[in-house]
Amino acid sequence: MEHVNSTARTSGATVRAAVWRGPRSPLSVEDVWLADPGSGEVGVRIAATAICGSDLAYVDGHWESSSPAVFGHEAAGVVDRLGPGVTDLAVGDRVVVTLIRSCGSCRRCIAGAPVGCSGRFAPDGFGPLSDARGSEIRQGLGVAAFAGAVTVHRSQVVPVVPEIGLDVAALLSCGALAGVGAVRNTARVAPGSFVVVLGAGGVGLNVVQGARLAGAAKVIAVDPDQRRLDASLRLGASAAVAVGDDVRDKVRSVTEGEMADYVFVATAAVSAIETGFELLARMGTLVLVGMPPSGARVSLDPVMVASAGQRILGSKMGSALPARDIPALVALYREGRLELDGLITARYALVEIEEALRSTRSGDSLRNVIITDESLIA
Ligand SMILES: [Zn+2]
Ligand SMILES: [Zn+2]
């Protein structure tokens, strides 16, 4: 099929996608044009895409984006097209699709930190999505998986074994990768540590699981929602504290006065960062996992931080190496040591995406998953 206006990307097909045209209009499920993979790219038929807090931050306008755009980045599916030069995948491979796009040759890629890649990926400046007139539709976070198919860079795709369902595997792409990775890769939590997790949503619950897997002596989850707190206890938290209770007193009593060696801030609430500092032990580490709204500022006492020998770490996508970490997470899942099925609150069709977003926005769900192609799940 030939396409009219796009300069570099001429072959492709139409797919259904949930198009965003600004924070005040509902997503519109319609046909868009998806270009075939170019050199080093892969086409994936999407089976399932979970809704992440980042999708909602864009949809609701807390983070800035040009419109129109298609979001959705926590996805899994089946390879259905291969671009020139991609020789290590086959059509039909079951894969997790991530937003971590890496060139493999910049300074950070060479240093083993693909999440910091500074490579350039669309030399013609044109992504794979456009409307019927050939005007570009932004590929949100480089994925755009609230759609029947995506065209992404080879580095964004990691094969998974058939023993994990693709609806469950979707959670590995962001929530589990970012949550467990924050513990294992970014903070490298030592066994016996006292850990506090502020925010027990889709990422925070995976921080709880990661802390348990790392052998933390105490894991204290803090969240306003009772359902999430109950989930945190099921996933290995030793204490669950409702926001509004005296969190500081509670952490002091659970850690027998020591306070936290690690505080993970897995919520977008700016106030949680300041709360996190109050919960830190001497030599403690504050790990920023959640992304507050654009322009947020916090105040801290640098003398306190320096004299207590504390550290502040930003955890981008769990400092993940997807090709190493996703298979490792699948192995933990198959051994029954990583819970994923229980993190899915509800499944929706693509046309029901507004309802799914509403449920995610209300904060009472763990992960809501859009099932784009039921036939690929079984
Ligand atoms: Zn995400
Ligand atoms: Zn790179």
Side-chain angles (χ1 to χ4, degrees), residues 18 20 40-41 46 48-60 62-63 65 69-76 96-123 139-146 150 152-158 168-182 186 199-207 210 264-268 288-293 314-326 329 340 343-345 353 356-357 360-361 363 365-370:
W20 176 83
E41 291 183 329
I46 295 298
T49 305
I51 298 174
C52 170
S54 307
D55 297 313
L56 208 53
Y58 281 115
V59 168
D60 290 349
H62 301 310
W63 297 349
S65 168
V70 174
F71 296 108
H73 60 278
E74 193 167 307
V96 165
V97 183
T98 83
L99 57 79
I100 304 172
R101 188 161 59 174
S102 56
C103 70
S105 57
C106 72
R107 283 180 68 232
R108 288 170 202 85
C109 281
I110 289 169
V115 294
C117 176
S118 56
R120 295 186 59 217
F121 292 90
Q139 185 185 32
L141 292 172
V143 185
F146 292 148
V150 298
V152 294
H153 189 255
R154 165 67 186 90
S155 61
Q156 294 176 258
V157 162
V158 180
V168 176
L171 272 57
L172 295 174
S173 142
C174 180
L177 195 64
V180 177
T186 311
V203 176
L205 287 172
N206 282 301
V207 175
F264 291 87
V265 182
T267 157
L288 304 181
V289 183
M291 294 273 284
S315 185
K316 183 174 186 189
M317 285 304 295
S319 312
L321 290 175
R324 174 196 67 188
D325 294 349
I326 287 174
L329 292 170
L340 294 173
L343 298 181
I344 298 178
T345 301
I353 191 162
L357 288 168
T360 300
R361 197 178 283 122
S365 54
L366 304 179
R367 268 301 195 249
N368 290 314
V369 180
I370 305 295

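Whatever order the structure lists ligands and atoms in, that order sets their numbers, starting from 1. Residues: numbered from 1 along the sequence shown. The shown structure was predicted, so the numbers you read here are calculated from the model rather than taken from an experiment.
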Is a donor on one side and an acceptor on the other found under 3.5 Å between the side chain of Thr267 and the backbone of Gly199? no
Is there a donor-acceptor contact under 3.5 Å linking the side chains of Ser365 and Thr345?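 No pair is found: no donor N or O on one side chain lies under 3.5 Å from an acceptor on the other.
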With the Zn ion (ligand 1) at the centre, find the angle made by SG from Cys174 and NE2 from His73, to 10°. 120°
Check whether any side-chain heavy atom of [X] sits under 4.5 Å from a side-chain heavy atom of [Y], and report yes or no.
X: Ile326; Y: Thr98; value: yes
X: Val289; Y: Thr186; value: no
X: His73; Y: Cys174; value: yes

Kindly assign one of parallel, tilted or perpendicular to the pair Phe71 and Tyr58, based on the angle between their ring planes and the thresholds 30° and 60°.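 Ring orientation, 0 to 90° scale: parallel.
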Which residues and atoms, counting only protein N, O or S, are under 2.8 Å from the Zn ion (ligand 2)? Cys103 SG, Cys106 SG, Cys109 SG, Cys117 SG
